[in-house]
Peer 1: 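Quick one: the structure is below, questions incoming.
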Amino acid sequence: MNGSPGAPGGGHRRRGGQVALRVLFYLLVAAVVVFTVFPFVWAFVSSIKPDSELFTTPVRYWPDRVTLDNYRAVLEDGQFQTALLNSVIVAVSVTALSLAVGSLAAYSLGRFRFRGRSVVLYAVLAMTIFPQIAVLGALFEMINFFKLYNQLPALILTYLIFTLPFTVWVLTGFLKAIPREVEEAAYVDGATPWQVFTKIMLPLSVPGMATTGILAFIAAWNEFLFALSFTQTPDKRTVTYAIQAFSTATSGLYEIPWGQTMAASVVVTVPLVVLTLVFQRRILAGLTAGAVKG
């Protein structure tokens, strides 16, 4: 038959089909890369353009005169410096609390058998389904009740709503993948559950901890809705809120300083990109740890 491997031209057709699929695959990869990378590249290009070149037509994809005035204005802004410090405090605190509480919960869910375990695990997963806007009203009432409005602890507490469930879910799968023989050998030697957790499970779960820690940090660093809702004065703003505030704080009501906004966006994004690239292998290892053995 003409389509059989031994038929004349059958091998050429098969190789031609493989080449076509490979070309299609690389075109798809190129399209995804352009779609995801172009916004950041355009933000960087816009940040080094003079104001006079931002809205010229036809569009210039590279400025005639490179300027660092936008970066200078952003980095010398005292309110933006305060917002950077606030974001560091909030993101680091949220990451530390998520790992501390999440690792304990994951150890219980991943290594012990008890009634309702699956219900608790899927309830934790269900918490990630709700959009932030759906719980905003209840969180606002809670923040007012504890008198935390316009305080950084309000952000730390509310950010745990979306970082802690993810941390518990990922670490549970990671801890379940650790061979039970390791844990049983420690119990035979007389170790307590706390000693097994701190001296055996935590060191073995470093890839999973790195994964959840980095992703929790990124989520807390980029959050905007809660920062907008639970803080008010400039000294309590995070970087996302501070960037949005540039539109009225620097140029007036009817003019948006796009150059400074883009420069601030680059300053805020570059550390996250570097962090992700440095730890990308640990992130992948942690996300796929429980995929085979569960």
Side-chain angles (χ1 to χ4, degrees), residues 29-49 61-63 66-100 102-103 152 155-156 159-160 162-164 166-167 170-171 174 205-227 237-246 257-289:
V29 171
V32 171
V33 170
V34 171
F35 180 77
T36 55
V37 174
F38 179 77
F40 181 74
V41 173
W42 185 250
F44 171 72
V45 172
S46 299
S47 68
I48 59 175
K49 283 184 176 181
Y61 293 95
W62 190 258
V66 174
T67 178
L68 298 178
D69 290 343
N70 293 321
Y71 287 96
R72 189 176 298 109
V74 167
L75 295 177
E76 291 177 355
D77 189 320
Q79 293 185 4
F80 187 76
Q81 295 173 2
T82 301
L84 276 175
L85 179 60
N86 290 340
S87 287
V88 171
I89 294 173
V90 171
V92 171
S93 300
V94 169
T95 303
L97 287 173
S98 296
L99 291 178
S103 60
L152 294 185
L155 301 183
I156 297 172
Y159 286 6
L160 292 173
F162 54 85
T163 60
L164 189 56
F166 173 80
T167 302
V170 174
L171 286 181
F174 192 89
S205 62
V206 169
M209 300 279 282
T211 299
T212 53
I214 292 170
L215 295 180
F217 182 90
I218 292 174
W221 184 269
N222 289 331
E223 204 284 327
F224 173 72
L225 180 60
F226 290 170
R237 291 172 180 169
T238 57
V239 287
T240 52
Y241 191 180
I243 292 174
Q244 182 271 341
F246 278 153
W258 287 112
Q260 295 182 26
T261 301
M262 294 298 101
S265 300
V266 172
V267 170
V268 170
T269 305
V270 165
L272 301 183
V273 174
V274 173
L275 190 67
T276 304
L277 292 177
V278 170
F279 293 98
Q280 59 178 333
R281 291 187 178 180
R282 289 189 178 273
I283 293 175
L284 292 176
L287 290 175
T288 58

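In what follows, residues are counted from 1 in the order of the sequence shown.
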Peer 1: Ignoring hydrogens and geometry, is there a side-chain-to-backbone donor-acceptor pair from Gln81 to Leu75 under 3.5 Å?
Peer 2: yes
Peer 1: Within this structure, what is the OG-CH2 distance for the pair Ser47 and Trp258, rounded to the nearest 0.5 Å?
Peer 2: 14.0 Å
Peer 1: Judged by atom type as modelled, is there a donor-acceptor pair below 3.5 Å linking the side chain of Asn86 to the main-chain atoms of Arg237?
Peer 2: yes
Peer 1: Holding to ring pair (Phe, Tyr, Trp, His ring centres under 6.0 Å), I want the full list of residues that pass it with Phe35, two or more places apart in sequence or in another chain.
Peer 2: none
Peer 1: Parallel, tilted or perpendicular: which one describes the rings of Tyr241 and Phe224, with boundaries at 30° and 60°?
Peer 2: perpendicular
Peer 1: Checking side-chain contact (heavy atoms from CB on, under 4.5 Å) against Val273, which of Thr269, Leu275, Val270 comes through?
Peer 2: Thr269
Peer 1: Looking at side-chain heavy atoms only, is the closest gap between Tyr61 and Val45 below 4.5 Å?
Peer 2: no
Peer 1: Does Leu272 form a side chain to side chain contact (heavy atoms under 4.5 Å, CB included) with Asn222? I'd like the steps, not just the answer.
Peer 2: CA-CA 10 Å; Leu272 301 183; Asn222 289 331; 3.4 Å; yes
Peer 1: Could you check whether any side-chain heavy atom of Ile48 comes within less than 4.5 Å of a side-chain heavy atom of Asn70, counting everything from C-beta outward?
Peer 2: no
Peer 1: So, using ring pair (Phe, Tyr, Trp, His ring centres under 6.0 Å) as the criterion, who are the partners of Tyr71 when residues are at least two apart?
Peer 2: none
Peer 1: Within the 4.5 Å heavy-atom criterion, are Ser265 and Ile243 side-chain neighbours or not?
Peer 2: yes
Peer 1: Are the side chains of Phe80 and Val267 in contact, using a 4.5 Å heavy-atom criterion?
Peer 2: yes
Peer 1: Which heavy atom of Ile156 sits nearest a heavy atom of Ser93, and at what distance?
Peer 2: CD1-CB, 3.6 Å
Peer 1: Quick check: does any side chain N or O of Trp42 sit under 3.5 Å from a backbone N or O of Val37, one acting as donor and the other as acceptor?
Peer 2: no
Peer 1: Do you know which two heavy atoms are closest between Ala227 and Leu155, and how far apart they sit?
Peer 2: CA-CD2, 3.7 Å
Peer 1: Using side chain to side chain donor-acceptor pair (under 3.5 Å) as the criterion, list what pairs up with Ser87, not counting sequence neighbours.
Peer 2: none
Peer 1: Can you see which heavy atom on Gly213 is nearest to which on Leu99, and at what distance?
Peer 2: N-CD2, 3.9 Å
Peer 1: Does Thr212 form a side chain to side chain contact (heavy atoms under 4.5 Å, CB included) with Ser98? I'd like the steps, not just the answer.
Peer 2: CA-CA 9 Å; Thr212 53; Ser98 296; over 6 Å; no
Peer 1: Can you name the residues that form a ring pair (Phe, Tyr, Trp, His ring centres under 6.0 Å) with Phe226, not counting sequence neighbours?
Peer 2: Phe230
Peer 1: Find the distance between CD1 (Ile89) and OG1 (Thr238) and round it off to the nearest 0.5 Å.
Peer 2: 11.5 Å
Peer 1: Can you see which heavy atom on Val268 is nearest to which on Trp221, and at what distance?
Peer 2: CG1-NE1, 2.9 Å
Peer 1: How close do Ala242 and Ala83 get, counting heavy atoms only, and between which atoms?
Peer 2: CB-CB, 3.6 Å
Peer 1: Asp69: which residues meet the side chain to side chain donor-acceptor pair (under 3.5 Å) condition with it, sequence neighbours left out?
Peer 2: Thr67, Arg72
Peer 1: What's the separation between atom CG in Leu97 and atom OG1 in Thr167, rounded to the nearest 0.5 Å?
Peer 2: 10.5 Å
Peer 1: Is a donor on one side and an acceptor on the other found under 3.5 Å between the side chain of Ser103 and the backbone of Ala100?
Peer 2: yes
Peer 1: What closest approach, in Å, do Leu164 and Gly102 show between heavy atoms, and which atom pair accounts for it?
Peer 2: CD1-N, 3.7 Å
Peer 1: Applying side chain to side chain donor-acceptor pair (under 3.5 Å), name anything that partners Tyr159, two or more places apart in sequence or on another chain.
Peer 2: Glu223
